[in-house]
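In the text below, chain A, chain B and the rest are named by the order of the sequence lines, each starting its count at 1.
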Amino acid sequence: MTVERDDVQPEETYDFRRLEAKWRPVWDELDPFDTSKFEDDRPRKYVLDMFPYPSGDLHMGHAEQYALGDAVARYWRHRGFQVLHPIGWDSFGLPAENAAIKRGGEPREWTYENIAQQRDSMRRYAASFDWNRVLHTSDPEYYKWNQWLFLKMYEKGLAYRKESSVNWDPVDQTVLANEQVLADGTSERSGAVVVKKKLTQWFLRITDYADRLLEDLDQLEGKWPHKVLTMQRNWIGRSYGADVEFAIEGRDEPVSVFTTRPDTLYGATFMVVAPDSDLAEELAAGASEETQQRFREYLTHTQQMGAIDRQNADRPKTGVFLERYGINPLDGSRLPIWTSDYVLADYGHGAIMAVPAHDQRDLDFARTFDLPIKIVVEPTEVEEGVEYDPAVTGVALAGDGQLINSEELNGLTKDDAIAKAIEILAERGTGRAAKNYRLRDWLISRQRYWGTPIPIVYDEADNEIPVPEEQLPVRLPDGEGLDLKPKGSSPLGAATEWKTVTLPDGSPATRDTDTMDTFVDSSWYFLRFLSPNNDAEPFDQEELKKWAPVDQYIGGVEHAILHLLYARFITKVLYDLGYVSFTEPFSALLNQGMVVLNGAKMSKSKGNFVKLGDELNEHGVDAVRTTMLFASPPEEDVDWADVSVSGSGKFLARAWRLAHDVTSEPGVDFTTGALELRRVTARILDEVPKLGETFKYNVIIARLMELTNATRKAIDGGVGAADPAVREAAETVAIMLDMFAPYVAEDMWQQLGHEPSVALVEWPTADPALLVEDSVTAIVQINGKVRDSFDVAPDIDEEEFKKLALETAGAQRNIEGKQVVKIIAKAPKFVNVVVKG
RNA sequence: GCCGGCUUGGCGGAAUGGUAGACGCGACGCACUCAAAAUGCGUUGUCCGUGAGGGCGUGUGGGUUCGAGUCCCACAGCCGGCACCA
């Protein structure tokens, strides 16, 4: 194959290697996507691809994402928009640190080498980025503004430090984010079972924004994938109910519990507190020595249990009676207080009222420890003779019904009783309506080196002192000489010189040695792209007005919750601080599917893997990009075993040859061209913009294949290569193909006698006259079944149309001997004859 | 358990309530070739029929409609999210 290539004239045949080598330097020189060049009145679009983490070179997943994002950006350019399409790197993070530990050297070197490699690959991939706006989150010029953001939030009380229970990896000796804990409770990297550990850490008060984060999702309906909206709603997890105060015997202060079912208050027969809560410890302290001992053992057992073990609802219920009692605020009954690990310390108040008849978990617990079960809601639909008593069936009655054994609530339905119970509690001052969230505050401290230093110092009394804004950035010290190995505290603790500072009054202080979660970096980077080199402010207000918010965001569904939730949160914070005028960062979101192989996620270790480099070398950039988008609609997964990259290559070669064969001159009058081919071109010019709006690139490519085939037929058939319609069609193919195969498109454009770049050429609009056909094919149905068809003029009159339909052989055959009941006709499309007999 | 989504040929997929299967892959046949590759042309939902033509067909069952892949109801299967969250 390679041998033969030398034998043929290179210009006569499609050769992706030649095209790639030819056009890359031209584009580098032209820099066609430099947004600053366009100071005109065209409408603007901000098209953003989620920026990559620089772990090695680009892989198939990147190829899919950037093929898609680039098609979107190129689409809008061809539609006459100024398009901002920037790229940068999410370049802080643990993999760089691990690579440095493993192979020596510095996280910095590893990171920037990978960035250089990925940047080269992206340029080869012909992604239409504005290369003048590149940012790296690990640059001090960037993370300075993370620190600025942190200080602004600290001023507003939105950043705070507290002791809490966090995910701890005992092998790597570091905290882990929730997303780094696998479903089986092990660390995704070390494989160790993750445990909970109490540490003092920095948090961002995202729970203050829970309602807005939830309610503003409604604005995004139809613009974001429904799936993502649902996932965010689940994650925030708002539930309505009541806070109820229970007096505690031998304690001055009452204990609050949250319940979604205040209607079942009369059915409460005991209380449960989380073993790892402060309350449990305090209550246990008032119990007998033996019980205190049992409590301590139980607490230890709970703390040692993995996070996932604890969440396993199938586990038998365990617990310890604390020998203390609470008082039901409605009926004054005495409720024994237990502790059990099915109650979580950090949800609600870490304590519950247990209603075993109407809550499955409470019922399981009551049956295990032989506690009373009192029915207070009679189920609505009770079948005669069917046992429904939870004490017997073991199934709690969670549904609707009529209240019984509940004094003033008796006879009410569930919903009415909830309202009434809240009213009574409020009157007596022992409770109130309340809501609770699954969402927790965002823990941003990390015991890692390769991240943004937290701009706080501590005086000798451990008071927090924010670093003054003018002293930012707090630069990360050189990693050289620092021990990055996991040891349970941040590597920055060993940077003595860096860590030690002197306060204005001369007293000594130390820096916070943790770094920020890298999700902080990515929560606002889309704003930094507007003015990445501005060192006076995080983002330029004028650029902000021009471009923000992001019109179209494109990325994988794996970020459906964390990144997108954090970015939405920070945007709302910036809105409240007066820095931006919008409350949602991404007006529209598109999730691309994954590239899989034989139905399974690609995995190097399992040998189930396709190397992007191999595909590019064998088939070329254009064929790979086209294959990615032709395989299916963008949100679906692409199974590389089901696609044909060489098939895409064949199509591109056919398209390229069209331009090569055209013999008419540029600027020739298309209106004198062959009508039939012109109609095909017009139809596609008319259809493709609509398809582009809904990202149906697979269909657009199919249309371009049709147009290519039709043009080929015209050239080889009677029309001939010199016909203006052939040039019109070939130019249309070239312009549209630019969305998927920029090298082929650019070369075709040149072959057709035009200057680069085709990427900046606006699509012609279809001549409406060409969209009207001379004749259309009408179908004839008898009782809804297609029996014949006939050609008619599109403006045929209804009566004439019906008459012609009834005259067709198919109609005659099927009507014969039957009675015509009704004729439904829509000229010139179809006729349906309803017959009987 | 709760919530969301999906289900169309051998495969990926297409189809404003109006000819289901566009376009492509694969397969088969033909041309070119000593042969193969490449390229081109043709066939390709399924069953009956030599043919003309006809029956069946978009997970299953029902409904609305002159007409349903498309709208409504129920069910099944698959995928995803959340889950001892009170």
Worksheet item: For RNA chain B, what dot-bracket results from Watson-Crick or G-U pairs at under 3.5 Å, with [ ] for crossers and | for inter-strand partners?
Response: (((((((..(((.....[....)))((((((.......))))))((((....))))..(((((..]....))))))))))))....
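Look at NZ on K601(A): it is 10 Å from P on G80(B), rounded to the nearest Å.
Remark: Y298(A) pairs with no residue by the ring-ring contact (aromatic ring centres under 6.0 Å, His included) rule, at least two apart or across chains. A search for side-chain hydrogen bond (donor to acceptor under 3.5 Å, both in side chains) contacts involving R787(A) returns nothing, not counting sequence neighbours.
A salt bridge does not link R261(A) with D359(A): none of the charged nitrogens is closer than 4.0 Å to a carboxylate oxygen. Here E706(A) pairs with R683(A) in a salt bridge; the nearest charged N to carboxylate O distance falls below 4.0 Å. For D716(A) and R712(A), the salt-bridge test passes: some basic side-chain N is under 4.0 Å from an acidic carboxylate O. A salt bridge between D788(A) and R813(A) is absent, with no side-chain N of the basic residue lying under 4.0 Å from a carboxylate O of the acidic one. Comment: R233(A) engages D218(A) in a salt bridge, judged by a side-chain N to carboxylate O separation of less than 4.0 angstrom.
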Distances under 3.5 Å only, N/O to N/O: pair up the protein atoms with those of nucleotides 38-41 of chain B.
{"from": "G40(B)", "atom 1": "OP1", "to": "R654(A)", "atom 2": "NH1", "distance (Å)": "2.9"}

Give me the distances for all protein-to-nucleotides 51-56 of chain B N/O pairs that come in under 3.5 Å?
{"from": "G54(B)", "atom 1": "OP1", "to": "R813(A)", "atom 2": "NH2", "distance (Å)": "3.4"}
{"from": "G55(B)", "atom 1": "OP1", "to": "R787(A)", "atom 2": "NH2", "distance (Å)": "3.2"}
{"from": "G55(B)", "atom 1": "OP2", "to": "R787(A)", "atom 2": "NH1", "distance (Å)": "3.2"}

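In the set U19(B), A86(B), A22(B), the nucleotide with an atom closest to the side chain of A702(A) is A22(B).
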Practice prompt. Might you work through the side-chain hydrogen bond (donor to acceptor under 3.5 Å, both in side chains) test for D441(A) and T207(A), ending with a clear yes or no?
Written response: CA-CA 6 Å; D441(A) 273 345; T207(A) 51; 2.7 Å; yes
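For S239(A) and A86(B), the shortest distance from a side-chain N or O to OP1 or OP2 is below 4.0 Å.
In terms of position along RNA chain B, the nucleotide closest to G647(A) lies nearer the 5' end than the nucleotide closest to the other residue of the pair G647(A) and F258(A).
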Worksheet entry | Contact pattern, 5' to 3', of nucleotides 4-16 of chain B - B, S or - by protein heavy atom under 4.0 Å | S------SBSSS-
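Evaluation of atom-type donor-acceptor distances gives a pair under 3.5 Å for the side chain of N832(A) against the base of C66(B).
Across the P atoms, A31(B) and G17(B) are found 47 Å apart, a figure rounded to whole Å.
In this entry the base of G9(B) is syn relative to its sugar, with a glycosidic angle within 90° of 0.
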